[in-house]
Amino acid sequence: MKSKVNRRRFLTTLGMGVAATQTFSLAAGNIYAPIGNNITPVNPSEQFHSIGLKNIKVGGEIGRRIDITVHNNLLKIDVDKDFLYSFQHKNISNEGFVGVGKLIDATVKLAIITGDEKVVALKKHLVDEIIKAQEADGYIGNMKAANRMTKMWDIHEMGYIIYGLVIDFELFGEKKSLESAQKAANYIINNWNLIDSEWEKSVNIAKHVGITGIQRTMLLLFNITGDKTYLEFCIRQINLPDWNPGIVIGRKNRIEGHIYGYMAASLAQLELYRLQKDDKLLIPTISALNFLTLHDGMAISGGAGQVEIWSDDQDGRGELGETCATAYQIRVYDSLLRLYGDLRFGDLMERTIFNALFGAQSPDGRQLRYFTPTEGVRVYHNTDTYCCPNNYRRIVADLPPMIYYRTGNGIAINIYTESNAEIEMGDFSVKVTQKTNYPVSGDVVIQVDPSKSALFGLKLRIPAWCKNGSIQINDEPDKIETKPGQFVDVERNWKTGDTIRLNMQMEWRLVKGRQRQAGRVAVMRGPLLFCLNPAQNDALAKLDGADLGKLIIDLGSIEKTPVTDKSVRPDGIGCKLKAGNASFGMGNTQNLSLILTEFADPNGKCTYFKTPEINEGVVDELVEKLI
Ligand SMILES: [Zn+2]
């Protein structure tokens, strides 16, 4: 049997040197200007396709996160008191955000993923009660009559309720959910004239932030119903095609640079682009992507921003990485991956999922965070309601379809995790199974079981961190070496039982900090970032109160084989190394024996350390031009 193996790198010659031509102007109110004039988006058309939620089973750490989110979080919530009450009584006069729509969306999807009858019952209860409380004119929020549409965050809340109801129709076929969603959407469209030019001033929130989510909701309704009213709303009433606010750095009045608001709108633009191939719809997304990867907008954990707003100072403390922003970054990467067929977006996805995202949840699953700093104390959000807890539940439910995709000539594997999927290929189907303990090791055994022998391609993402890797097909003697940041494409006549052994060697690496972290390094292995939890390290007791970031580490002192560490997860690992602390009179003697734990360790307090030889560090492989 003949194998054809292609290694390809997409789009390397297609960008227009944006980084070189952009200037960063602090003088212009810290606005990182729209960069449309410098970008030619190459007019992409859909390369990869989602396989949906229904035909995939996920284990490993991603599966465990889904499981604990369902059983230790979702099913522990008091939905009647915390989520439904205000909608049943419509008694809120201002700032009434709850997040019930996001909860509905998450619960519908988690009901499909788990098939758990308690989750299905919860979904039905949420949907039934919300529909029962809907008013005759279609209003579906929780505000008193005089405050509807205009007070924060009524449109935002309703937009997500409608979204959740449409997803209920899409996945469960519930017609009454769609009818209710359309009535509510029509209410918003009919009352949109209340959102005039004075509205921004009255609420002191930029309009695109205040209406976050409504754009994608209306596009979903158009895609489901074919009713052009919803498409026209996006094009004419909110002018989605021309939205391009630039990257505004730092929190100020009207929170213009709101990452969540920005990424939600750019995600909607990417979806509108699929309907009308207008290149300008890609510009704000590419602008944000370049800011994140090339201009220090993204922390090493994958999280971004301070106090919900774009930031490029690499300050790892405090309000870093709003969970909502993290969730929408992942969705935008997924959308770009499908559009450009470039698996390098998967590198951004796995970094963000395994670090910033899972760091936003307690190891037992019950508690969720608003922000997940890399330096200093991390705190949990104090309610089950509001944006971040519910966007966390939603994105966890959205992860399974990001593992496998359909491609033009076959299948792509993007995320490595124990899993299997049944993928429809036209007149046959393929069951793909991954056996792996990734991200503990980079060994993945992939079994391919087509329903009949067939010629198709199987693409594997080789992360940019993987400097040495290989694949072996069945027991064929020749191993094929992989290249970092490029995908392997094996096109052959596949038959049941065919197996690929993917070996990605995971080496410890020190990643150089930038901006405020310049001169220091963080420890990574594969997609995992490691942090220092003082409570895990008796050796630090004598340094009580010390600045942990002054500890000195070097690559040579790291034990090659990771140690077992259950701080985050049952199969978790730690990094054993020696550290010194010059400022405490010990010199660089490397006399402290320390364990660094996975970044999601809730008591992690420090990620960057000093090093005697900064050139042992490497530039973060995600600082790369993608489009
Ligand atoms: Zn949030």
Side-chain angles (χ1 to χ4, degrees), residues 65 69 73-74 77 82-83 95-107 142 152-161 163-164 203-206 208-217 248 250-251 254-268 288 292 297-299 301-311 317-333 352-353 355-362 365-374 378-399:
R65 289 285 174 178
T69 301
N73 187 288
L74 181 66
I77 298 172
D82 292 338
F83 282 87
E95 291 277 343
F97 191 70
V98 172
V100 75
K102 292 169 187 171
L103 183 69
I104 291 172
D105 178 46
T107 310
N142 60 359
M152 300 310 299
W153 294 85
D154 201 27
I155 293 167
H156 178 61
E157 181 86 76
M158 286 195 286
Y160 278 99
I161 294 173
Y163 192 91
V203 294
N204 198 21
I205 300 277
H208 77 266
V209 180
I211 65 171
T212 292
I214 196 71
Q215 308 94 325
R216 195 161 170 244
T217 290
V248 181
R251 188 158 177 130
R254 300 192 199 183
I255 56 172
E256 294 277 353
H258 198 268
I259 304 175
Y260 168 25
Y262 189 109
M263 294 308 249
S266 81
L267 186 65
L292 287 165
M298 186 177 73
S301 61
Q306 279 287 346
V307 208
E308 306 176 356
I309 309 295
W310 296 112
S311 156
R317 299 169 299 175
E319 285 93 13
L320 165 67
E322 187 197 1
T323 303
C324 294
T326 301
Y328 274 80
Q329 284 166 244
I330 294 167
R331 286 196 184 92
V332 166
Y333 303 148
T352 312
I353 291 165
N355 299 292
L357 183 67
F358 291 162
Q361 185 179 40
S362 61
R366 181 63 188 92
Q367 299 187 83
L368 298 166
R369 298 185 196 287
Y370 210 117
F371 302 106
T372 308
T374 63
R378 306 176 195 173
V379 295
Y380 292 112
H381 191 56
N382 58 5
T383 68
D384 286 322
T385 58
Y386 220 59
C387 54
C388 289
N390 291 294
N391 266 329
Y392 183 91
R393 297 173 187 122
R394 291 178 70 221
I395 189 66
V396 163
D398 282 341
L399 293 180

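We count residues from 1, following the sequence as given. Both counts, for ligands and for their atoms, begin at 1 and track the order of listing.
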Strictly by modelled atom types, are Y370 and E319 linked by a side-chain donor-acceptor pair under 3.5 Å? no
If we ignore hydrogens and angles and just use 3.5 Å, is the side chain of T372 paired with the main-chain N or O of G321 as donor and acceptor? no
Do you see a donor-acceptor pair shorter than 3.5 Å between the side chains of N73 and Y392? no
Could you please tell me which protein N, O or S atoms lie under 2.8 Å from the Zn ion (ligand 1)? E322 OE2, C324 SG, C387 SG, C388 SG
With ring centroids as reference points, do H258 and Y262 lie under 6.0 angstrom apart? no
For N391 and Y260, run side chain to side chain donor-acceptor pair (under 3.5 Å): C-alpha distance rounded to whole Å, both residues' side-chain angles, the deciding distance at 0.1 Å, then the answer. CA-CA 10 Å; N391 266 329; Y260 168 25; 3.1 Å; yes
Is the NZ or CZ atom of R394 positioned over Y163's six-membered ring, under 6.0 angstrom from the centre and within 45° of the axis? yes
